[in-house]
Amino acid sequence: MTELKNDRFLRALLREPVDRTPIWMMRQAGRYLPEYRATREQAGSFMDLCRNAELACEVTLQPLRRYPMDAAILFSDILTIPDALGLGLYFEEGEGPRFHKTVRSEEDLAGLNDIRAEDDLGYVMNAVSTIRRELNGSVPLIGFTGSPWTLATYMVEGGSSRDFRNVKAMAFDKPELMHALLARLADEVADYLVAQVNAGAQALQIFDTWGGTLSNAAYREFSLKYMQRIIARLPTEADGRRVPVIVFTKGGGQWLESIADCGAQAVGLDWTTDIGQARARIGDKVALQGNMDPATLYASPERIREEVAAILTSYGHGSGHVFNLGHGITPGVDPDNVTAFVDAVLELSPQYHVAA
């Protein structure tokens with residue numbers, strides 16, 4: 001077991017004292033980096049990049065070579081499980097992910113493949129173990145998944161959707177079928193995350209990207225319930241350390257108290273929720289992650305610094321804050337603006353922590 005040289009991120013997730021606020025970015029390995037674009041071209045396609053452990057490791061490490069991030073995140077996709085279940089994932093230029101098959105009936109659900117994460121998603125575990133080896137204890141590695149509801153939206157709609165017509169129709173008109181699909185996905189996701197931990201992931205994030213499209217009652221019934229089911233099955237420790245879990249529901253600010261009670265150690269915030277208000281509501285229960293608007297990275301370095309300062313001031317003193325964007329970084333951002341963002345966190349955050 002390689003000693004972890006920088007555990008600031010893990011300690012903050014457990015609300016333990018740190019010398020400064022740790023930082024990483026959702027989608028930090030991505031198209032805004034020219035070196036990523038070159039590696040993706042070398043791979044041939046996005047999924048070929050995901051399936052090649054060495055190249056997936058390379059793009060995971062690329063942002064760490066540019067920026068002093070406090071965590072790496074596995075390079076993969078949230079739709080690996082539906083793909084393994086037999087729906088046939090592919091990507092269309094300008095349209096995002098698509099599936100050759102959908103799940104809209106009992107027959108469709110019954111026809112899904114039986115899968116074993118270690119085998120059918122073995123390329124993900126190979127990437128995890130390769131990245132963990134190459135990190136050599138420099139920073140922790142985050143594993144991740146999509147939430148059952150988010151995965152279901154793609155599986156029922158056949159890809160991205162603007163109105164979620166088919167998946168919401170199923171939830172409201174065929175709730176038994178929807179619950180059967182979500183239960184199946186929750187169990188597959190739990191197995192998948194356990195396998196990631198066994199392969200070397202040191203923290204986990206559940207991306208509930210489309211949970212915020214639901215009504216209050218529907219969110220609790222169709223999204224939060226199944227994330228709780230997953231978390232209850234996850235290992236609490238690996239390599240002698242806690243394995244913290246972050247739940248990120250985009251658009252979930254109204255449910256913070258309920259999310260904080262789901263069993264996760266941290267709640268991710270999008271940019272529509274004030275982090276100081278969120279801390280006042282739930283900060284004594286869990287850590288908070290976030291939550292600068294990604295579009296701020298199109299502004300000047302001076303404006304980026306002002307926004308970082310405002311978020312740090314809003315959160316206030318003490319541990320339990322992991323600085324991040326409120327969603328993934330977008331492709332058109334200048335990498336130099338990310339430098340300004342990271343530098344501002346490193347320079348401004350120590351004053352909010354008691355010196356060791």
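By convention here, the first residue in the shown sequence is residue 1.
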> With Pro294, which residues qualify under side-chain contact (heavy atoms from CB on, under 4.5 Å), at least two apart?
Replying inline: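 Here the qualifying residues are Trp271, Leu325, His327.
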For a quick check under 3.5 Å, do [X] and [Y] share a side-chain donor-acceptor pair by atom type?
X      : Y      : result
Ser319 : Arg11  : no
Thr39  : Gln62  : yes
Asp270 : Thr272 : yes
Tyr352 : His321 : no
Asp274 : Ser314 : yes
Thr150 : Ser147 : yes
Thr80  : Asp77  : no
His353 : Thr21  : yes

Please confirm whether the ring centroid of [X] lies under 6.0 Å from the ring centroid of [Y].
X      : Y      : answer
Phe341 : Phe323 : yes
Trp149 : Tyr226 : no
Tyr154 : Phe164 : no

Under 4.5 Å between side-chain heavy atoms, counting indirect links through other Ile/Leu/Val/Met/Phe/Trp/Tyr residues: same cluster for [X] and [Y] or not?
X      : Y      : answer
Val345 : Tyr298 : yes
Val18  : Leu10  : no
Ile231 : Ile282 : yes
Ile78  : Phe75  : yes

Which donor-acceptor pairs under 3.5 Å do side chains of residues 259-268 form with protein atoms, sequence neighbours excluded?
unit_1: Asp261; atom_1: OD1; unit_2: Lys285; atom_2: NZ; d: 3.0
unit_1: Gln265; atom_1: OE1; unit_2: Val245; atom_2: N; d: 2.8
unit_1: Gln265; atom_1: NE2; unit_2: Gly263; atom_2: O; d: 3.3

> Does any non-hydrogen side-chain atom of Arg37 lie less than 4.5 Å from one of Glu41?
Replying inline: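 Not touching, per the 4.5 Å side-chain cut-off.
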> Between Tyr32 and Pro63, is any pair of side-chain heavy atoms under 4.5 Å apart?
Replying inline: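 They are in contact (side-chain heavy atoms under 4.5 Å apart), so the answer is yes.
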> If you measure from the Lys or Arg side-chain nitrogens to the Asp or Glu carboxylate oxygens, is any gap between Asp19 and Arg8 under 4.0 Å?
Replying inline: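 Salt bridge flag = yes for Arg8 with Asp19.
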> For Pro97, which of Tyr90, Phe91, Phe46 qualifies under side-chain contact (heavy atoms from CB on, under 4.5 Å)?
Replying inline: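 Of the listed options, the one satisfying the test is Phe91.
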> Is the Phe248 ring parallel, tilted or perpendicular to the Phe207 ring (thresholds 30°, 60°)?
Replying inline: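 Aromatic pair Phe248/Phe207 classed perpendicular.
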